[in-house]
Protein chains: 2
Amino acid sequence: MGDNGRTRARPEQHSGSGATGTRRRGRALEDAILDAAWEVLVDHGYTGFTFEAVATRAGTSRPVLYRRWPQREDLLLATLAKNWQPVEIPDTGRLRDDAITFLRRLNADRARNVVVMCIQLADYFRDTGTSFCDLRDSLRPSGSSAPLQVIVCRAVERGELPDVPRTDRILNLAFDLVRHDLLMTMDALPDESIVEIVDEVWLPLLKAAG
Amino acid sequence: MGDNGRTRARPEQHSGSGATGTRRRGRALEDAILDAAWEVLVDHGYTGFTFEAVATRAGTSRPVLYRRWPQREDLLLATLAKNWQPVEIPDTGRLRDDAITFLRRLNADRARNVVVMCIQLADYFRDTGTSFCDLRDSLRPSGSSAPLQVIVCRAVERGELPDVPRTDRILNLAFDLVRHDLLMTMDALPDESIVEIVDEVWLPLLKAAG
DNA sequence: GACATAAGATGCAGCAGTGTATCTAAGAGC
DNA sequence: GCTCTTAGATACACTGCTGCATCTTATGTC
């Protein structure tokens, strides 16, 4: 039906950062949206993670999002996939240094991410009946083993540890404890805690497991 | 003003359970509401924890809730306070049995509660800037020590363990690991895991700490 | 039995998000 | 330059929750 009195305020300008007046397309647009989506997720959790909020933050409009990700979950998974980076595994030649360095990196990195991915996503987990465990598994590069397992393997190869079978529980204990503290306090661990976990708990168990 | 055509379908009947046709009041009503609120919280998390949902579930109406708890947070805290029970600490006379029995109880009980209180409440934590840690501390009877600490104390008194200083990290390790698994899987641990945690991790560390 | 209190029903304005449809215009490819 | 795709704006109907106001009526107390 004819003219419904719309009066185009100004062309556009996507209110983003540089705002060159140019209109974003394809990959560039998609990246900008997913970055905006990540920020929204960090700031407001899954509950505040609405098409409305993400579109506004990205300086675009909801239809643009709906065209790419019909469901909120699709947008969420795309956002996570783009922003999740595995923590680098150090190789210093000494078990204790490897462990402490790795856990420090983990602590710094996941103090942001784990809180987002586990705590903020609680509603997502409830809605879908999945758990943090499932999500982690689906984001970890398939076939790769747990970081601490790699570190222990190297120590065994160097002869730093006896070559005896160890349970996953023991191998991942230090990782689990750091994650536990992150979840409980929703904040990074003090460095002393990391050293304590390695020296008082993990290493003694690894050495005693013979 | 005047008759606005309302035609009172039927008196009421609060659609609850027994539905004796009697109208609930005071304490009975409050209990019923808080029970309903707990169910809503378990089923739908803090996000779905609306005055609307709780009132419907309780078979009452929103004004009744607003009169008692003006804010959603008030209703939440009342609901938690009513439904949080500390896990009973066993006293079998043997350290290992005490630990395994306690952790089994914890596992069964918190598989429902911790998931609700930590995961489902994520939005609450985000909104208020508190953490699960803070909430646990405020719900644990003040002055009482951690359950595993009590169990270890008794073992030391019986001479089952050497009387050496132990860090909180070690003392609470078994508890923390159970909690960690609960959070990660959002489900109860298999019984083997509890036994493994006690026999392969916690007891060796307690004995070696001399 | 009269009265005060409070339960419970209902209405309503407001707000935020959803999902979709429609239109204009920018920009890429030919 | 022309055309095709699609970004971006806007509108609309719908849903669900919020606070609050108002009314009726059940129930306990005197």
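Naming convention: chains lettered A, B, ... in sequence-line order (proteins, then strands); numbering from 1 in each chain. Values below: all heavy atoms of this structure, side chains included; hydrogens, waters and symmetry mates excluded. Given the structure is predicted, the values throughout are model-derived calculations rather than measurements.
Checked options A/Asn172, A/Ile170, A/Leu171; the residue passing with A/Val152 is A/Leu171 (criterion: side chain to side chain contact (heavy atoms under 4.5 Å, CB included)).
A donor and an acceptor atom sit less than 3.5 Å apart, one in the side chain of A/Ser61 and one in the base of D/dA9.
Of the listed nucleotides (C/dG8, C/dT20, D/dG19), C/dT20 has the atom at the smallest distance from the side chain of A/Arg62. If you check D/dA21, C/dG17, C/dA7 against the side chain of B/Pro63, the one that comes closest is D/dA21. Considering only side-chain atoms of A/Val64, the nucleotide from C/dA21, D/dA21, D/dG8 that sits closest is D/dG8. The nucleotide whose nearest atom lies closest to any side-chain atom of A/Phe51 is, among C/dG19, D/dA7, D/dA9, C/dG19.
B/Thr56 is not listed as a side-chain neighbour of B/Arg62, based on a closest heavy-atom distance of 4.5 Å or more.
In terms of heavy-atom proximity, B/Asn107 sits nearest to B/Ala188 at OD1-CA, 3.6 Å. Here the shortest heavy-atom pairing between A/Arg72 and A/Tyr46 reads NH1-O, 2.9 Å. Closest of all the heavy-atom pairs between B/Ala174 and B/Leu148 is CB-CD1, 3.8 Å.
Residue B/Asp74 contributes atom CG, which lies 14 Å from atom P of D/dT18 at whole-angstrom precision. Atoms CD (A/Glu52) and C1' (D/dT10) sit 12 Å apart, rounded to a whole Å. Rounded to a whole Å, the CH2 atom of A/Trp69 is 17 Å from the C1' atom of C/dT18. Rounded to whole Å, atom C1' of C/dA6 lies 14 Å from atom CG of B/Leu65. In this structure, the CG atom of B/Leu75 is 14 Å from the C1' atom of D/dC17, given to the nearest Å. With rounding to whole Å, B/Glu73 atom CD is found 18 Å from D/dG19 atom C1'. Atom CZ in A/Arg27 sits about 22 Å away from atom P in D/dT5, given to the nearest Å. Between the OH atom of A/Tyr66 and the P atom of C/dG17 there is a distance of 11 Å, rounded to whole Å.
No contact: A/Pro70 has no heavy atom under 4.0 Å from any strand.
When the side-chain nitrogen and oxygen atoms of A/Thr60 are compared with OP1 and OP2 of D/dA7, none of them lie within a distance under 4.0 Å. Taking 4.0 angstrom as the limit, A/Arg67 places a side-chain polar atom (N or O) nearer than this to OP1 or OP2 of D/dA7.
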